Amino acid sequence: MKKIPQISDAEWEIMKIVWSNPKITANQVIEMLGDDVTWKPKTVKALINRLLNKGAIGYEKDGRSYLYYPLVSEKDCVKAESESFLNKVFNGSFSLMMANFLEKVELSPEDIEELKQMLDEGKK
């Protein structure tokens with residue numbers, strides 16, 4: 001399996017756009033970010049460059065434009081980030097993480113049933 005690069009919080013914002021819109025220009029990324037962030041265009045382009053250097057995105061030249069596309073899947077990045085979070089915050093203990101979340105969240109009967117189904121599927 002390809003090594004998944006570590007992606008910062010700011011880079012995640014760029015990646016979400018690239019995942020949703022493969023073959024996108026930097027200016028289109030800037031436009032899509034809109035008022036969600038207060039970054040200058042130069043900052044966005046620097047983040048794109050960091051993602052290129054990490055191997056998270058690639059590009060193809062189209063005339064004078066560069067079209068950016070993902071080299072890693074969103075699913076793989078979410079999985080890697082989840083594992084990193086679990087290890088960093090809960091020392092790798094899934095049960096400790098679940099116990100912590102269950103203390104803070106009130107689950108509906110539907111939520112409980114969905115969790116049971118996920119656990120049953122995970123046993124297989």
Side-chain angles (χ1 to χ4, degrees):
M1 183 173 137
K2 182 178 178 180
K3 183 173 178 350
I4 304 299
Q6 284 195 319
I7 299 173
S8 71
D9 291 347
E11 292 165 346
W12 268 95
E13 294 304 312
I14 305 298
M15 286 302 298
K16 285 190 256 181
I17 291 172
V18 175
W19 282 318
S20 302
N21 306 279
K23 307 277 176 124
I24 189 169
T25 66
N27 287 337
Q28 290 170 321
V29 171
I30 292 164
E31 189 177 301
M32 291 188 82
L33 285 167
D35 296 331
D36 292 344
V37 297
T38 57
W39 303 327
K40 295 186 180 338
K42 189 174 182 177
T43 303
V44 174
K45 290 176 182 178
L47 290 168
I48 289 171
N49 198 38
R50 283 175 27 190
L51 289 166
L52 282 166
N53 290 333
K54 290 179 177 186
I57 61 174
Y59 71 90
E60 66 181 48
K61 196 155 169 55
D62 181 33
R64 295 182 56 173
S65 297
Y66 291 91
L67 302 175
Y68 300 100
Y69 56 88
L71 293 175
V72 292
S73 75
E74 184 173 12
K75 181 180 177 181
D76 288 343
C77 287
V78 167
K79 183 177 179 185
E81 190 70 21
S82 298
E83 289 171 2
S84 173
F85 173 77
L86 183 65
N87 288 328
K88 185 182 345 178
V89 178
F90 296 101
N91 209 24
S93 171
F94 179 76
S95 59
L96 181 60
M97 179 187 74
M98 285 303 295
N100 184 57
F101 283 120
L102 291 173
E103 282 179 16
K104 308 286 185 219
V105 177
E106 187 155 331
L107 298 174
S108 70
E110 293 82 16
D111 292 333
I112 293 169
E113 189 57 38
E114 188 176 346
L115 280 171
K116 285 179 182 178
Q117 287 176 351
M118 283 189 259
L119 290 170
D120 286 343
E121 289 172 12
K123 287 184 201 177
K124 296 176 185 174

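Note that this is a predicted model, so its numbers are computed, not measured.
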Within the side chain of S82, is there an N or O that forms a donor-acceptor pair under 3.5 Å with the backbone of V78? yes

Indicate the atoms forming the closest heavy-atom contact of N87 with G92, along with that distance. OD1-CA, 3.3 Å

Check whether any side-chain heavy atom of I30 sits under 4.5 Å from a side-chain heavy atom of K45, and report yes or no. yes

In terms of heavy-atom contacts, D111 and E106 come closest through OD2-O, 4.5 Å

Nearest-0.5 Å distance that lies between atom CE in M32 and atom CD in Q28: 8.5 Å

To the nearest 0.5 Å, atom CG of L119 lies from atom CE of M98 at 7.0 Å

The reported gap from CG in D120 to CE in M118 (rounded to nearest 0.5 angstrom) is 11.0 Å

Smallest heavy-atom separation, G55 atom then V72 atom, equals O-CG1, 4.2 Å

Y68 and I48: side chain to side chain contact (heavy atoms under 4.5 Å, CB included), yes or no, with the steps? CA-CA 9 Å; Y68 300 100; I48 289 171; 3.6 Å; yes

Taking the side chain as C-beta and beyond, is there a heavy-atom pair between L107 and L115 under 4.5 Å? yes

I need the minimum non-hydrogen distance between S8 and R50, along with the two atoms involved. OG-NH2, 3.3 Å

Just verifying a value: how many Å separate Y59 OH and L71 CG, rounded to the nearest 0.5 Å? 11.5 Å

Quick one, T25 and L67 - any side-chain contact, counting heavy atoms below 4.5 Å? yes

Neighbour count >12 (heavy atoms, 6.0 Å) for atom CG, N91: no

Any chance NZ of K42 has more than 12 other-residue heavy atoms, nucleotides or ligands included, within less than 6.0 Å? no

Do E113 and K116 have side-chain heavy atoms sitting under 4.5 Å apart? yes

In Å, rounded to the nearest 0.5 Å, how long is the span from OG of S20 to CE of M15? 10.0 Å

Parallel, tilted or perpendicular, as decided by the 30° and 60° cut-offs, for the rings of F101 and F90: tilted

Minimum side-chain heavy-atom gap W39-I14 below 4.5 Å: yes

What I want to find out is whether E60 reaches K23 closely enough, with some N-O distance under 4.0 Å, to be called a salt bridge. yes

Side-chain donor-acceptor pair present, D76, S73, cut-off under 3.5 Å: yes

In this structure, CD1 of I17 is separated from CD1 of I24 (nearest 0.5 Å) by 6.5 Å

Distance-minimising heavy-atom pair for S93 and L86: O-CD1, 3.6 Å

